[in-house]
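Encoded as structure tokens, the structure appears first; notes follow it.
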Amino acid sequence: MVERVTATKEAEQLIKKLIDIHGPLMFHQSGGCCDGSSPMCYPKDELRTGESDILLGNLPGDIPFYISKDQYEYWKHTQLIIDAVDGRGGMFSLEGPEGKRFLTRSRVFTEEEKAELQI
């Protein structure tokens, strides 16, 4: 099964740390400039999702990862790879005080993967 969103080991380690501090989490990728172009991490159900959002998949630990429909249209042909790097995160994202930030990387799906996903 092809995953539309996944995480690096560095991101998984940061996610585990944040779960220990904050409990269950969720992510949202909205697009746009500034903080909107970074994946944002929130306590689960803190951010209301609606008709303009798509559940892209779950990160390890059964953490839902949402993306705005508009952003999905740009990235639907790619797998999103959530990474964690040194730096300051978005001011509303939970990792901000940890000296790390989440970063979205991507890779284009193969033709076989596109067929499986029916893109």
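We count residues from 1, following the sequence as given. All figures in this text were calculated on a predicted structure; none of them were measured in a lab.
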_Between E113 (side chain only) and T110 (backbone N and O only), is there a donor and an acceptor less than 3.5 Å apart?_
yes
*Answer with yes or no whether the hydrophobic clustering places L103 together with F92; edges join I, L, V, M, F, W, Y residues whose side-chain heavy atoms lie under 4.5 Å apart.*
no
*For the residue pair K44 and P64, what are the closest heavy atoms and their distance?*
CE-CG, 4.2 Å
*Is the shortest heavy-atom distance from the side chain of I67 to the side chain of H28 under 4.5 Å?*
no
Taking distance alone, no hydrogens or angles, what donor-acceptor pairs closer than 3.5 Å link side-chain atoms of residues 3-27 to residues at least two apart or in another chain?
unit_1 : atom_1 : unit_2 : atom_2 : d
R4     : NH1    : Y72    : OH     : 3.4
R4     : NH1    : K76    : O      : 3.3
R4     : NH2    : Y72    : OH     : 3.4
T8     : OG1    : E10    : OE1    : 3.4
T8     : OG1    : A11    : N      : 3.2
T8     : OG1    : D83    : OD1    : 2.8
K17    : NZ     : E98    : OE1    : 2.9

*Same cluster or not: are L55 and M40 linked, directly or through other Ile, Leu, Val, Met, Phe, Trp or Tyr residues, by side-chain heavy atoms under 4.5 angstrom apart?*
yes
*Okay, side chain of Q79, backbone of S106: is any donor-acceptor separation there less than 3.5 Å?*
no
*Under the side chain to side chain contact (heavy atoms under 4.5 Å, CB included) rule, what do F102 and V85 come out as? Steps first, then yes or no, please.*
CA-CA 6 Å; F102 289 109; V85 297; over 6 Å; no
_For a side chain to side chain contact (heavy atoms under 4.5 Å, CB included) check, start with the C-alpha distance between L80 and F65, then their side-chain angles and the critical distance, and finish with the verdict._
CA-CA 10 Å; L80 301 188; F65 191 98; 4.0 Å; yes
*Going from CG on D53 to CG on D70, what distance comes out if it is rounded to the nearest 0.5 angstrom?*
10.0 Å
*In Å and rounded to the nearest 0.5 Å, what is the OG to OH distance from S52 to Y66?*
12.0 Å
*Could you identify which residues cluster with I119, counting Ile, Leu, Val, Met, Phe, Trp and Tyr as linked when any side-chain heavy atoms lie under 4.5 Å apart, either directly or through a chain of such contacts?*
V2, F109, L117
*C41 backbone acceptor or donor facing S93 side chain under 3.5 Å*: yes
_Has K69 got a side-chain atom pairing as donor or acceptor with E51's backbone, closer than 3.5 angstrom?_
yes
